[in-house]
Amino acid sequence: MTETLCGEIVRTTFASEETGFTIAKVRVKGHGEVTVVGPLMGPPDGTFIEALGRFESHSQYGLQFKVEKFSTALPVTSEGIKKYLASKAIHGIGPKMAERLVTAFGNQTLAVIDKHPERLLDVEGIGKKKAEQILSGWEEQMDVRQVMVFLHSHGVGSAFASRIVKAFGKKAVSVVTRNPYALATEVAGIGFLTADRIARSTGFALDAPQRIHAGLLYVLSHATDEGHLFLPIEPLVQKAVELLHLPHDPIREGIATLAKNEKVITLKVDHPEIGEAVYLPWLFHSERGIARTLSQVAAAPKFPVFDNPQDEVAAMEKRLSITLAPRQRDAVQGALTYKTMVITGGPGTGKTTIIKAILKIYHKAGARMLLAAPTGRAAKRMTESTGFPAKTIHRLLEFSFQKGGFQKNRENLLACDVLVVDEASMIDVPLMFNLLKAVPDTATLLLVGDVHQLPPVGPGNVLRDIIASKRIPVITLTEIFRQAEKSLIVVNAHRINRGEKPFSGSREPGGDFFIIERNDPEAVASTLVELIARRIPRRFNLNPMKDIQLLTPMHRGSLGGERLNQLLQETLNPNPPGTADEAHFKFRFGDKVMQLKNNYDKDVFNGDIGRIVAADPAARRVTARFEENEVTYETAELDELSLAYAISIHKSQGSEYPAVVIPVSTQHQIMLQRNLIYTGITRGKELVVLVGSYKALAIAVRNNKTTQRFTRLTDLLQLGG
């Protein structure tokens, strides 16, 4: 039941500057001190608060009042004013100065500061400069207060309001009044839908040009999140109609205005399903840039030049005492002959052997070589398998947040004669464009990857489009080598790729692929936990934290990553008896966690997995160790981190784990695709276990319909850039 609580804040125990989340003690007449939690933005002690919310019982901290809406008022008593000023609410006033001011002016202290600041000079220790500092601090505090009151009056919660104030300061009111849609691009966490709600409350009409333009850009941005580089104009108009609840004509006018102002780029396309493409400019230029630069590199002179590639390969085989299969030999000879080439193939087809052979020959010829991969794990694996150092693409291009982007580019090229890029199926259009800009025209570029893996998380489908263009030589490896044939992981990966059901291994020692049938989702969940916590560690001598990775098709649902992480956390890393789980803080000492975005300042990158080595629930702070790197996350940075007992199959791309466990359920039907299951099982090196229904597995294996991504890279490459 919703209730109203009124009282004075006597002590703030925690307040996040970024989100506004606050834990405070409030003195309520007739009730003593009450613990209040919510997005209060840390009001100073002594502030009066009127809050709407409800009482809830916390397992560790007892009864708390959870705030939904609130308003605050300045204190009116001498004691309250003293607390308010002593809490450093106003820059220039600390506890001692607060004592002196209240002694001098009593309950009129705030009125004196506001209306008669010249009287401050009567107080001992306050000169003209100090008085000006206090007045400036007071005006700043009042500006923020007015902005907060304004935003609250328009339905903006404290968490968003604090971000808006942080971004715009006292200009926030004029920004929100003039064009609240600017919030969607300027303030983290505020998208079009939130900005639109604020705009509607401030009186913006449904057909306001700012609203139409912001809605169209939102639809295009959302399409980018789904992997598209552009949208055909008709689907764009239809999606905007549904979003904005407006007829077609004003939306078409909005597209024309955005194009005139170069906010979008429109392009007639000779394709019946497209007609006219509408791009965000940065994606248009990135796609064109890839086609132009790749064609330029492919056509330039090669260095070093091998007069007889066949002899070079034969000499290398003799030197290393290896014998390449015919298709492998073609790949190595091609890499010595062509300026650009793609090598693609599934597990067990010898891609690593080929890369090593190519690198050995170029190394002997004195060529400068660089190796790269999209993720840290893939780069590390590349280093281990080839014996040559590899970097992430971002490191290779020397990305600097402080200097504003990649430092390697067309004006500052990479120093190499050969560039080998592994896991190329993961590379999206913007990253590939930035990489190609830094490649010298004389360099040989080799792209290695498995085109049957999932497409990149970002926009585009670069490897697939390059192969489809037939403008770059491609070697496709299909033969599974004898050693790999012993692995059911490899055999089943290729069976799934051909649309055939995988085999489940026997229970005899040495088996590496198993299917455990469970049809009920709860039975699937309990089996997953049992496998990871007990059965696999016992039978295969694997560590459940370090060696076993649960991969899920989806984030939500009873078999989604969110719930499975909770179940595994409770099983593998329960809170010790009597320890705090303050305010439902989700991280614990010892938790397995994943970094969700590149953070160059902290030297930690998207997909890196580590362990929490320190957790402070009260301060909302954790420290995690990734390899040898320890990283501390303050409250505002915690959204960069997630539990990683279970991760999505998409997030596992570029990684390998000793053991992989995957739920396969009809609950995941929307995600059951052949390339998803194929990608998941090829992440396992020593063991793969599927848990679920054979019906769901059959659906996934049969479903080879990959979601269409709107790209034109294939056409552009065929046109020569």
Side-chain angles (χ1 to χ4, degrees), residues 290-345 349-373 382-383 385-391 396 408 410 413-422 424 432 435-449 451 463 466-467 469-479 481 717-718 720-721:
I290 290 173
R292 183 180 63 252
T293 312
L294 194 57
S295 299
Q296 189 174 311
V297 172
K302 181 180 174 67
F303 177 83
V305 175
F306 296 96
D307 295 328
N308 196 328
Q310 271 186 306
D311 289 350
E312 293 286 348
V313 175
M316 180 274 304
E317 287 181 290
K318 185 175 181 181
R319 193 165 61 249
L320 300 181
S321 301
I322 61 172
T323 303
L324 297 176
R327 198 64 176 152
Q328 288 181 310
R329 196 173 288 115
D330 291 343
V332 178
Q333 288 175 189
L336 304 182
T337 305
Y338 302 118
K339 277 296 303 314
T340 55
M341 192 174 79
V342 172
I343 300 171
T344 185
T349 57
K351 294 192 298 295
T352 300
T353 300
I354 290 167
I355 294 173
K356 285 169 68 175
I358 292 167
L359 292 172
K360 292 286 187 185
I361 294 172
Y362 272 109
H363 181 67
K364 186 172 183 293
R368 298 169 301 166
M369 304 182 303
L370 291 175
L371 282 67
M382 198 179 186
T383 299
S385 62
T386 65
F388 293 94
K391 297 180 179 179
L396 186 76
K408 291 294 184 182
R410 216 64 195 151
L413 297 170
L414 293 167
C416 67
D417 303 310
V418 181
L419 174 60
V420 182
V421 184
D422 200 7
M432 181 61 85
L435 176 63
L436 290 176
K437 281 195 292 187
V439 177
D441 287 350
T442 55
T444 295
L445 175 66
L446 303 176
L447 300 176
V448 183
V451 76
L463 186 65
I466 289 173
I467 292 172
S469 75
K470 299 182 179 178
R471 296 284 300 185
I472 306 283
V474 177
I475 295 291
T476 303
L477 306 170
T478 56
E479 181 184 353
F481 290 96
L717 285 166
Q718 289 173 342

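Taking R319 as the reference, nothing meets the salt bridge (Lys or Arg N to Asp or Glu O under 4.0 Å) condition, with sequence neighbours excluded. Scored by the side-chain contact (heavy atoms from CB on, under 4.5 Å) test, T478 finds T476 as partners (sequence neighbours excluded). Not counting sequence neighbours, the partners of Q296 by the side-chain hydrogen bond (donor to acceptor under 3.5 Å, both in side chains) test are D441.
Side-chain N or O atoms of T344 include one that pairs as donor or acceptor with a backbone N or O of V451 at under 3.5 Å. For T442 (side chain) and P301 (main-chain N/O), no donor-acceptor pair under 3.5 Å exists by modelled atom type. The closest donor-acceptor contact from the side chain of T293 to the backbone of I290 lies at 3.5 Å or more, if one exists at all. Looking at R410, its side chain does come within 3.5 Å of a backbone N or O of V439 through a donor-acceptor pair.
Considering CE of M316 and CG of L336, their distance stands at 8.5 Å, rounded to 0.5 Å. Within the model, atoms CD1 of I467 and CG of L447 stand 9.0 Å from one another, a figure rounded to the nearest 0.5 Å. Between the OG1 atom of T349 and the CZ atom of F481 there is a distance of 7.5 Å, given to the nearest 0.5 Å. One distance of note links CG of L320 with OG1 of T353; it measures 10.5 Å at 0.5 Å rounding. One distance of note links CG of L294 with CD1 of I472; it measures 4.0 Å at 0.5 Å rounding. With rounding to the nearest 0.5 angstrom, the NZ atom of K391 is 13.5 Å from the CE atom of M382.
Counting only residues at least two apart or in different chains, ring-ring contact (aromatic ring centres under 6.0 Å, His included) contacts with residues 297-324 comprise F306-Y362. Under the side-chain hydrogen bond (donor to acceptor under 3.5 Å, both in side chains) criterion, the residue pairs touching residues 321-341 are E317-R329, with sequence neighbours excluded. Counting only residues at least two apart or on different chains, no salt bridge (charged side-chain N to carboxylate O under 4.0 Å, His left out) pair has a member in residues 350-362. Among pairs with a residue in residues 307-334, none fulfils ring-ring contact (aromatic ring centres under 6.0 Å, His included), at least two apart in sequence or across chains. Counting only residues at least two apart or in different chains, ring-ring contact (aromatic ring centres under 6.0 Å, His included) contacts with residues 310-335 are absent. Sequence neighbours left out, the pairs with a member in residues 362-373 that pass salt bridge (charged side-chain N to carboxylate O under 4.0 Å, His left out) are R368-D417. The stretch residues 299-314 participates, sequence neighbours left out, in no salt bridge (charged side-chain N to carboxylate O under 4.0 Å, His left out) pair at all.
Residues T383 and A390 come closest through the heavy atom pair OG1-N, 2.9 Å. Scanning all heavy atoms of the two residues, the minimum distance from S385 to T352 falls at CB-CG2, 3.6 Å. Taking all atoms of both residues into account, the shortest heavy-atom contact from A372 to L396 is CB-CD2, 3.9 Å. For the residue pair T444 and A335, the shortest heavy atom distance occurs at CG2-O, 3.9 Å. Here the closest heavy-atom approach between residue K408 and residue L414 is recorded as CG-CD2, 3.9 Å. Contact between L413 and P440 at its shortest, heavy atoms only, is CD1-CA, 4.1 Å.
Contact check for L445 versus V421: side-chain heavy atoms found under the 4.5 Å cut-off. Taking the side chain as every heavy atom from C-beta outward, P389 and L371 never approach each other to under 4.5 Å. Residues V420 and T386 have side chains not in contact (no heavy-atom distance under 4.5 Å, counting atoms from C-beta outward).
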Problem set entry | side chain to side chain contact (heavy atoms under 4.5 Å, CB included) assessment of I354 paired with I475 | CA-CA 11 Å; I354 290 167; I475 295 291; 5.8 Å; no
Exercise. Are V297 and L436 close enough, and set up right, to give a side chain to side chain contact (heavy atoms under 4.5 Å, CB included), and what steps lead you there?
Worked result: CA-CA 9 Å; V297 172; L436 290 176; 5.5 Å; no
